[in-house]
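Following: one structure in structure tokens, then a few remarks.
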Amino acid sequence: MKSKKILVWFRNDLRLHDNEMLVEAIAKSDSILPVYFFDPRYFDNTRFKTSKTGVNRTLFLLESVDALRKAFQQKGGDILIVHGKPEDEILELAERFEISEVYHHREVGPEETAISASVEDALWKQKINLKHFIGHTLYNKEDLPFPIKDIPDVFSLFKKKTERDAIVKSCFETPENIVFVENETWGNLPDLEVLGFEQRLAENLTKRISGGEEAGLEHLAELLKEGSEVYLKINSKGGTDKQGFSSRLSAWLSFGCLSPRKVYWQVKEAEGHFGNNANFNQVLLGLLWRDYFRFMFKKHGLNFFQETDFQELIMAPVENDSEIVQQWKTGHTGHALVDKYMQELNGSGFISQAGRLVVATFLVHVLKVHWTRGAAYFEEKLIDYSPASNWGNWANVAGAGLDLKSKNTFDLEKQIKILDVDLGEAV
């Protein structure tokens, strides 16, 4: 009898813990073939004259894939590294390894969704099924107290009903034993030059964090251990430059090196030992915002953006004064707080949510630059970039998102006070 082999297509799910896709693939097959595609489209330039993926996020990605490779090697296998578009390569892999089925995590961004559809079409020609999993959210969609089409567009309502009526499931166990498809050549991890970057760019980065599941789990453990910053009471009213607490978990969450459910249950365990505090609440609120934006993209697609010409804005970006935009990008606007945050973003690939609101407010409401240019620049620079959260947050700052009824979304007057600028009639 022919053995059943399942190809496990990894995307933004680079972990062994709490990975339903991986657990089910192991259970339903005789052997698995883990694969990661380095898709050249993600290293191209955009219509906004930015890079799709900057050097900071690229390094984090390389480290995360390498960490997953080492984790599989410790279990007697590996992950196949393929350079190319998934839809162009997957049929050849399926034929070569006699694959019965392909498993992958479904994404919600339009570009990622289109890639999934192309892969599904290619596989269908050979009567091979592409099975979809949802593993990026705290709440499974089937556990929500409403179908996707009825999810409240206002975040505060989504939060209230979800926290009251939905449950967070327990994590899937990390697989102990994995049987891998026999293979001699697993492919090489690309270096920066192969992906189009100059090596010297990495030398200018500051405060780098390491990618990978182990690094993410270590950071989570340090975050929650007794005496850490999460337990300190921080007074956010001490001045405009106070960032407040930031867990800095977002990069590992965006690449799937950390499961949101893992974070949730670890926080709940810490609460049981040390009691609740405002910083714990901020961590859990951040997880809810991630879910909200993903479910909004699932429900509305590009109709989330309340601009009738949104697709045209993406296909043919609005031209603005390039000098003004460049000054904002490089942190040379003359506004000390904005410049501080932008220089931090460029160096480290991260700024706090408070910082993101400040620089976005300045670009959109002070410099009068269309918000999509800022969103595209963040797409390049942020290590923790994810399409739904990034574009959703920028749209809310610009008043182009769906949740315009709640100050939980964006409070322009508050941000202007922080910036200490006068918008005159604009406010």
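A salt bridge does not link Asp13 with Arg11: none of the charged nitrogens is closer than 4.0 Å to a carboxylate oxygen. Ionic pairing of Asp44 and Lys52 is not present here: no N-O contact between side-chain nitrogen and carboxylate oxygen is shorter than 4.0 angstrom.
Aromatic ring centroids of Phe155 and Tyr292 lie under 6.0 Å apart. Taking the six-membered ring wherever Trp is involved, the centroid distance between the rings of Phe295 and Phe297 does not fall below 6.0 Å. For Trp394 and Phe305, the ring centers sit 6.0 Å or farther from each other.
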Donor-acceptor list for residues 170-179 side chains, cut-off 3.5 Å, not counting sequence neighbours:
none

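The side-chain contact (heavy atoms from CB on, under 4.5 Å) with Trp391 is formed by just one residue from the set Phe293, Phe304, Phe378, Tyr385; it is Tyr385. Shown are Ile99, Leu130, Val82, Val119; of these, the side-chain contact (heavy atoms from CB on, under 4.5 Å) with Ile90 is made only by Val119.
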Could you go through Arg57 and Glu380, starting from their C-alpha distance and side-chain angles, then the distance that decides it, and tell me whether this counts as salt bridge (Lys or Arg N to Asp or Glu O under 4.0 Å)? CA-CA 8 Å; Arg57 192 159 79 255; Glu380 173 184 333; over 6 Å; no
Between Asp30 and Lys5, is a salt bridge (Lys or Arg N to Asp or Glu O under 4.0 Å) present by the stated rule, with each step listed? CA-CA 6 Å; Asp30 297 300; Lys5 302 172 183 176; over 6 Å; no
Please test Phe280 against Tyr231 for ring-ring contact (aromatic ring centres under 6.0 Å, His included), starting from the C-alpha separation and ending with a verdict. CA-CA 8 Å; Phe280 283 161; Tyr231 302 104; 5.6 Å; yes
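Judged purely by atom type and a 3.5 angstrom limit, Ser228 uses its side chain to pair as donor or acceptor with the backbone of Lys225.
Rounding to the nearest 0.5 Å places CG of Asn45 at 10.5 Å from OG1 of Thr53. From Glu184, atom CD reaches atom CD of Glu182 across 9.0 Å, with rounding to the nearest 0.5 Å.
Around atom CD of Glu214, no more than 12 heavy atoms belonging to other residues, nucleotides or ligands sit under 6.0 Å away. Counting heavy atoms of neighbouring residues, nucleotides and ligands inside a 6.0 Å radius, atom CD of Glu226 does not exceed 12 of them. Residue Asn188 places its CG atom among 12 or fewer non-hydrogen atoms of other residues, nucleotides or ligands, all under 6.0 Å distant.
Between Trp186 and Phe180, the ring planes lie perpendicular to each other; the angle is over 60°, past the 30° to 60° tilted range.
Residues Trp289 and Ser389 are not in side-chain contact: their nearest non-hydrogen atoms beyond the backbone lie 4.5 Å or more apart. The shortest side-chain heavy-atom distance between Trp9 and Tyr103 does not fall under the 4.5 Å cut-off.
Contact between Leu189 and Leu62 at its shortest, heavy atoms only, is CD2-O, 3.5 Å.
With sequence neighbours excluded, no residue forms a side-chain hydrogen bond (donor to acceptor under 3.5 Å, both in side chains) with Arg106.
Among residue pairs with one or both ends in residues 274-299, those qualifying as salt bridge (charged side-chain N to carboxylate O under 4.0 Å, His left out) are Glu107-Arg294, Asp153-Lys299; sequence neighbours excluded.
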